[in-house]
Amino acid sequence: MIRDERIPADELQRIDEEIRSNWPTGADVDFEEAIEYHESLPEHKRFADVLESADKPLLQPRAGVPRLDDQIELLEYLHKEGQADLLPTTIDSYTRDNEYEKAQQGLEKARETGDDTLNGFPAVNHGVDGCRKLIDAIDAPIEVRHGTPDARLLAAITFAGGFQSFEGGPISYNIPYTKRHGLEETIERWQFVDRLAGAYTERGIRINREPFGPLTGTLVPPSIAIAIMLVEGKLAATQGVRSLTLGYGQVGNVVQDVAALNALKKLGNEYLPDEVVVTTVFHEWMGGFPPDEARANGVISLGGMTAAIAQPDKVITKSPQEFQGVPTKEANASGLRTTRQVIDMAIEQKIDIDGIEEEQDLIERETRCLMDTIFEHGDGDVVQGTLKAFDSGALDVPFAPSDSAKGAVLPARDDDGRVRIFEWADLAMDDDIKEIHKARLSQRATTEGRDQSFRMVADDVDAISDGKLIGRPQGDV
Amino acid sequence: MIRDERIPADELQRIDEEIRSNWPTGADVDFEEAIEYHESLPEHKRFADVLESADKPLLQPRAGVPRLDDQIELLEYLHKEGQADLLPTTIDSYTRDNEYEKAQQGLEKARETGDDTLNGFPAVNHGVDGCRKLIDAIDAPIEVRHGTPDARLLAAITFAGGFQSFEGGPISYNIPYTKRHGLEETIERWQFVDRLAGAYTERGIRINREPFGPLTGTLVPPSIAIAIMLVEGKLAATQGVRSLTLGYGQVGNVVQDVAALNALKKLGNEYLPDEVVVTTVFHEWMGGFPPDEARANGVISLGGMTAAIAQPDKVITKSPQEFQGVPTKEANASGLRTTRQVIDMAIEQKIDIDGIEEEQDLIERETRCLMDTIFEHGDGDVVQGTLKAFDSGALDVPFAPSDSAKGAVLPARDDDGRVRIFEWADLAMDDDIKEIHKARLSQRATTEGRDQSFRMVADDVDAISDGKLIGRPQGDV
Amino acid sequence: MVLHTMSQTVVLGVIGSDAHVVGITILEQAFSAAGFDVVNLGVQTSQEEFAEAAVAHDAQAVLVSSLYGHAEQDCQGFHSVLEEAGVDAVSYIGGNLAVGQDDFEQTRKTFRELGFDRVFDSETDPEEAIAALREDLEITPTESERATISS
Amino acid sequence: MVLHTMSQTVVLGVIGSDAHVVGITILEQAFSAAGFDVVNLGVQTSQEEFAEAAVAHDAQAVLVSSLYGHAEQDCQGFHSVLEEAGVDAVSYIGGNLAVGQDDFEQTRKTFRELGFDRVFDSETDPEEAIAALREDLEITPTESERATISS
């Protein structure tokens, strides 16, 4: 029975060898030699140090193309023209599904025809040397961003390849991304990823790990996102990770977003061991974007404003072309600069908004309910608790495609635009908290002259792409 | 000696006839017939009614091209694609200088070659019929926006032509725009414009008048702008104007901007007669813009955010191409939609920021000092008081090119980015208020480790176009 | 009318490898609220899973959602699979059905030819689909009655 | 050095119909703070007004600002006007000197040929102009001494 326990050294080595035999490039990984390579990197390429020592929110876009030269050119552009502080390398979908053969075909086709037949950088296929060429070429820290349920080989190769930050986690890269990967399976596989990061950490190379906070990206109530960040943070810490960046995706209500980021930071420091350095990352709106670059810039700017007030350690930016999918590099850089301008204009201002403490208190209480139920379900073990709490529905994520979560909880905005829970299903939450949500949603129903119903949920899902925060009935209120 | 007194009916008629003889199209103005035309306009084209009955901030761009057909096409585009609620017609520079002959040549050249040789719509040359074709064609209210020190003929023709809103005023269209027009002269000429608006108003056609709030557009301390709005409002009210929209240009500090708009509304209602309906207009940042559309969108969005919180009756939007001058219609519409998105996402949120009341109180006290000095200088007469207060420097506008203002006052931002007064010169202000400004600027000087000096002023002038709010010394603090 | 629809069963799912769950969650809620019995198969549902569920629940309608642009490919042969399994139900499809959705009428034609009774774009309100289904099921009263018995 | 510049007079203004006042306000403050006596003629200043003021104040430097893109036109014949009035001063110009400022070296050449001793773009810090003026005035010590006497 899988538990929240550190993978023993011999087991780590056994899995490592097994996993590296899955694809030829795995053979090139040499841990001792990799440590030396990391030690040779200059200070400004050490991800954890750069992030943790920053005195204002650092900006990072998303970006990945199949060919190495193109990826270098893309990241150089985003660094120079977008003034990104931290850079990404987004991995292609085949690699996320561990289909390295298909990724190889796509990469070769891209090399032959110049077309991008993959939607990201196949780091496993590029291998250790390919990754290091990228790390050497770019004058800033780079993170691996993906969405891979089983990221063991990807981690082994990219860590040895010089990347010092790795997004994802067993819940956050399972529940929102895939239907059938069992949660127990992904937890076990991510224990390896975290243990590997821990092994580097013990040798002085602090690999930064970043659980994916936005989850399904659609009206996720803050406490659910935070609870999952704490669980993934704890699992990673157990395996020896010492630099953790907990994530949160903007819901669009400034007070709730600032309160959530404050709560995330506070609870992260409280629930994670003292030896872990906890930082936070704020994702600009992950839901549907307006099909209009001008309006999209408004959405992006509201994210920048929120970041200026909450001051997370990092902001993942969106581009004005979000609606149409992968942005051009110019649009990607444009989203970075719009965000930078808003943050730099607003960050020196004292903007203390009433009600943030109260909202933060509510979010903390909700999160504690969820953490308590996890501990109870697992009789003190976080892994078992998480599995059983998801199984019973005591822990749940709205709009989760995975069979591992019930996906029965439904959110809706209240009259102020804050995300509340409309359908609790079996979520473990104190009754007095449920009453608060109910009262807030009832207030909205009164304003709109309609009953609380799933219709609000549906309207809210589309609201921001339709130009508003709250999905009011047609014809206005 | 010119005083704040209503122009008698016979004098109004005498000037009207004289002024209309300055250019052939003046002969076509027939007051009674014009009243009938206005009465025939549908409700949704009545500027004052539409503005005063709105339940959220209405958006209005700037736009003017020489030819009638082009102007119709431009305004239709901004109405449909930009979703502008109110439309503008910006007048060309020759007309602003009363050079109707040159405007005629420019218009004819534009008609022949298709090139825009004028930087706006020469409404005097288009005459009453041309104006009405524009009013008839556009399904929204339209305002005349210009910058004309002597706008008497322009007013006579555009009022008869069906426009129901007219920007400008004797101080706000003199001090920031021209060096040598005497203030006494412009006051006298604007008394005629206001009296003409008053004559329409008495017949049930409420011409909306909008003093130009941003003045020199560069770090204008709120109380100076508000005092001038109150003076121009009072002068207009004396002449019978009953719909007044007082303006204010964003300085970029959210607390100060919200406080200033609150103070503007409150003092407007206090200082102006009860029979005047006072509304407010917020101008998005009028200073230098970043030479980059992405960053410009950030500046525009900060304006939208401020408008969502302060909820002025109207917002004049900027375009992302502000840096390069007159924007394309697409960029103009884009600025409108970015602003709309931010306002609509934020306006339903309760965002009460600490310190707004305190800042508003300071702005009100400062404004009262200036109003008191004006009344004292004029022995109760606002016209004489304004002339004498500008003459003595007790009233002043920073960066004023006009010889009618000393332009000796200099602003600088404090450590929070609020605009304070660094050089008072002879501005009439209570000593305790001066001490507050001094203390705030001293705090900034300490933060930056440098003395208070004009260098801060220079740095602040360029700050927003350089990507920041406050002009900190190079190398950061 | 409400009486009839109270006991009608619809099978719902996202076809192919598509993992977009929000739309069908909304649809599930809407059809349930409208009185239908809803069997939600979730995302990444195969043609065979649709057929099996329709048979097992004796469904009157099969509602297919697709948002990632590969619907045409994913639906090739779908109606033969349904027929072979003995499914006798109306079938609808909705979502972002083509990558470059310039001409929706062309897209509609394509999916009608594949065998779907109705084709909706991604802007369709759930209410519209519900109204359509009520109409389609009521014009075949025998099926409606059978539904009343079978559920 | 400070002693010398303490008593030097500069005439400052925006030439032509240009009404951009912010730049010269900043320059006035900067030159005053650097110890110069500044005569600020303000915006919309004619060639003749520059010449008259330079004579009246026995100026060592004439600083011309232009931001609206018509500087070349406004400065045609300016140095003849100065010469005829008997002005013996260094002359600088700065600002947005051409509408399409693609190649500033070309713009600098144009204005050097018109007679200006130095040409600055709009990004120039006041300090740079002050440093340049100190250098230019010190390499002509007789003028510096005359300035000390005349001011």
Side-chain angles (χ1 to χ4, degrees), chain B residues 93-94 96-97 99 102 119 147 149 173-181 215-220 286-288 291 323-325 396-412 422-423 425 450-463 465-466 471 473-474, chain D residues 10 12-36 38-50 53 63-70 74 94-96 98-102 104 120-131:
Chain B
S93 295
Y94 287 129
R96 299 182 193 194
D97 289 340
E99 304 249 36
K102 286 186 182 172
N119 60 0
Y173 266 11
N174 174 337
I175 303 287
Y177 280 95
T178 175
K179 183 175 183 177
R180 290 196 185 86
H181 276 274
L215 301 175
T216 53
T218 307
L219 304 177
V220 179
M286 295 286 287
F323 174 76
Q324 64 186 60
D396 196 8
V397 175
F399 306 116
S402 171
D403 285 345
S404 299
K406 293 213 167 180
V409 163
L410 283 178
F422 160 69
E423 171 57 58
R450 61 172 172 176
D451 291 338
Q452 291 181 43
S453 81
F454 80 94
R455 190 65 232 185
M456 286 181 181
V457 186
D459 292 342
D460 286 348
V461 166
D462 293 333
S465 59
D466 290 348
Q474 298 296 330
Chain D
V10 301
L12 182 67
V14 182
I15 202 161
S17 337
D18 190 348
H20 287 91
V21 75
V22 176
I24 54 160
T25 307
I26 300 291
L27 281 176
E28 177 185 357
Q29 297 287 328
F31 276 88
S32 297
F36 291 90
V38 181
V39 178
N40 183 355
L41 303 175
V43 301
Q44 295 169 343
T45 300
S46 67
Q47 297 187 354
E48 291 69 23
E49 287 168 315
F50 274 104
L63 309 185
V64 177
S65 168
S66 177
L67 283 152
Y68 73 154
H70 305 306
D74 291 337
N96 294 319
V99 174
Q101 222 173 57
D102 291 330
F104 190 73
F120 300 101
D121 67 17
S122 59
E123 301 297 306
T124 311
D125 262 346
E127 278 68 18
E128 205 177 310
I130 289 167

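Side-chain atoms are counted along with the backbone in the values below, which use heavy atoms only and exclude waters and symmetry mates. Chain naming here is simple, since letters A, B, ... match the order of the sequence lines and numbering starts at 1 in each.
- Of the inter-residue distances, the one linking B:D462 atom CG with D:I26 atom CD1 reads 7.5 Å to the nearest 0.5 angstrom.
- For a residue to count as touching a neighbouring chain, one of its non-hydrogen atoms must lie under 4.5 Å from one of that chain's; by this rule B:A400 touches chain D with the backbone only.
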Stepwise side chain to side chain contact (heavy atoms under 4.5 Å, CB included) test for D:V21 and B:K179:
CA-CA 10 Å; D:V21 75; B:K179 183 175 183 177; over 6 Å; no

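- Closest heavy-atom contact between B:F454 and D:A33: CE2-CB, 3.7 Å.
- Proximity of D:Q29 to B:L410: side-chain heavy atoms (C-beta onward) are separated by under 4.5 Å at one or more points.
- The environment of CZ in D:F50 is crowded: more than 12 heavy-atom neighbours from other residues, nucleotides or ligands sit within 6.0 Å.
- Contact of B:V461 with chain D is made through the side chain alone, with heavy-atom distances under 4.5 Å.
- Expressed to the nearest 0.5 Å, how far CG of B:D459 lies from CG of D:D125 amounts to 7.5 Å.
- Using a 4.5 Å cut-off between heavy atoms, B:L219 makes no contact with chain D at all.
- When each of B:T218, B:T216, B:V457 is paired with D:V22, the side-chain contact (heavy atoms from CB on, under 4.5 Å) condition holds for B:T218 and for no other.
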